[in-house]
**Student:** 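Have a look at the structure that comes next, please.
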Amino acid sequence: MAKKDNGGFVLGALLGAAVAGLTALLYAPKSGDELRKSVSKDVDKLIDRARDYKDTVVERGVEMYDSAAEVASEKSEDIMLNVQLTAENLKNQFNDLKEDGKKFVAKKEEQLDELTEDIEIEVNQAEEKAQEFAEELSEDVADKAGEFKHEVADKAEEIEHEVSEKVEEIQE
């Protein structure tokens, strides 16, 4: 925090002292020559004090300016450092997220490859089972067809035999 500036108070005190001194001289019982010398001496003292005060104010102003410039420079450096650190942190976080994204995609691709392999295995197994079933069905159909053929042949013989008997009966 800045120090409270007492320069206005000091200036007011100096002017007040000068006015009081001048007033005292004017009311003092002195001759004109003595009064002029006394006023001239007091004015010279007042001018010297004003110059001293001006020099002090200039010195303080320069000190305050230098101090403010130093603080501003330090703050500027701190801000730049903070900005650089924040940028570096953000860059690192972005790179971490990017790597995590690459790992996630690679993992999902691996899972997809595994799933594709599993599906291919299941399809091949289903094809093999379908082929086996078709072969068994074909064999069963062939067996049933053979059995049916024999049954039909047997039935045909029976019918032929019955028809022959009926024809013989009719002829008799």
**Student:** Would you compute the distance between atom CG of D100 and atom CG of N95 and round it to the nearest 0.5 angstrom?
**Tutor:**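 Atom-to-atom, D100:CG and N95:CG are 11.0 Å apart.
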
**Student:** Is it true that a side-chain atom of S73 and a backbone atom of A69 form a donor plus acceptor pair closer than 3.5 Å?
**Tutor:**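 Not at all, since once roles are kept as given, no pair shorter than 3.5 Å links the two residues.
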
**Student:** Would you say F104 ends up clustered with L112 if hydrophobic residues are merged whenever their side chains have heavy atoms under 4.5 Å apart, either directly or through other cluster members?
**Tutor:**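 Not linked; separate clusters.
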
**Student:** Grouping I, L, V, M, F, W and Y whenever their side-chain heavy atoms are under 4.5 Å apart, do L97 and V105 come out in a common cluster?
**Tutor:**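 No, it is not one cluster - the side chains of L97 and V105 are not joined through contacts under 4.5 Å.
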
**Student:** Looking at NZ of K75 and CG of N82, how far apart are the two atoms once the value is rounded to the nearest 0.5 Å?
**Tutor:**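 Reported value, rounded in 0.5 Å steps: 10.0 Å.
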
**Student:** To the closest 0.5 Å, what do you measure between CG (L85) and CG (L90)?
**Tutor:**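 Answer rounded to 0.5 Å: 11.0 Å.
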
**Student:** Classify the side-chain pair H161/E157 by whether it contains a donor and acceptor separated by less than 3.5 Å.
**Tutor:**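 On atom types as modelled, these side chains do not qualify, holding no pair under 3.5 Å.
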
**Student:** How long is the gap from NZ on K107 to CD on E109, to the nearest 0.5 Å?
**Tutor:**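 Rounded to the nearest 0.5 Å, the NZ-CD separation comes out at 13.5 Å.
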
**Student:** I'd like to check the side chain to side chain donor-acceptor pair (under 3.5 Å) partners of E151; sequence neighbours left out, ordered by chain and number.
**Tutor:**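 Result, side chain to side chain donor-acceptor pair (under 3.5 Å) vs E151: none returned.
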
**Student:** If Ile, Leu, Val, Met, Phe, Trp and Tyr residues are connected whenever their side-chain heavy atoms lie under 4.5 Å apart, and connections chain through other members, are L115 and V123 in the same group?
**Tutor:**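 Yes.
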
**Student:** Treating S76 as the side-chain partner and A72 as the backbone partner, does any N or O pair qualify as donor plus acceptor under 3.5 Å?
**Tutor:**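 Here the side-chain-to-backbone pair does not exist.
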
**Student:** Side chain to side chain contact (heavy atoms under 4.5 Å, CB included) with I79: which residues, sequence neighbours excluded?
**Tutor:**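 For I79, the residues satisfying side chain to side chain contact (heavy atoms under 4.5 Å, CB included) (neighbours in sequence not counted) are V83.
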
**Student:** Roughly how far apart are F94 CZ and E99 CD, rounded to 0.5 Å?
**Tutor:**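 The CD atom of E99 is 10.5 Å from CZ of F94, to the nearest 0.5 Å.
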
**Student:** With no hydrogens and no angle check, is any side-chain donor or acceptor of S138 less than 3.5 Å from a backbone partner on A134?
**Tutor:**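 Not at all, since once roles are kept as given, no pair shorter than 3.5 Å links the two residues.
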
**Student:** Side chains of E135 and Q131 only: does a donor on one sit below 3.5 Å from an acceptor on the other?
**Tutor:**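 Indeed, the side chains of E135 and Q131 share at least one donor-acceptor pair under 3.5 Å.
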
**Student:** Can K41 and K37 be said to form a side chain to side chain contact (heavy atoms under 4.5 Å, CB included), step by step?
**Tutor:** CA-CA 6 Å; K41 193 181 200 185; K37 284 181 186 178; over 6 Å; no

**Student:** Quick check for you: to the nearest 0.5 Å, what is the distance between Q111 atom CD and E114 atom CD?
**Tutor:**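 Rounded to the nearest 0.5 Å, the CD-CD separation comes out at 7.0 Å.
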
**Student:** Could you go through R60 and E63, starting from their C-alpha distance and side-chain angles, then the distance that decides it, and tell me whether this counts as side chain to side chain contact (heavy atoms under 4.5 Å, CB included)?
**Tutor:** CA-CA 5 Å; R60 290 271 174 126; E63 288 174 5; 4.3 Å; yes

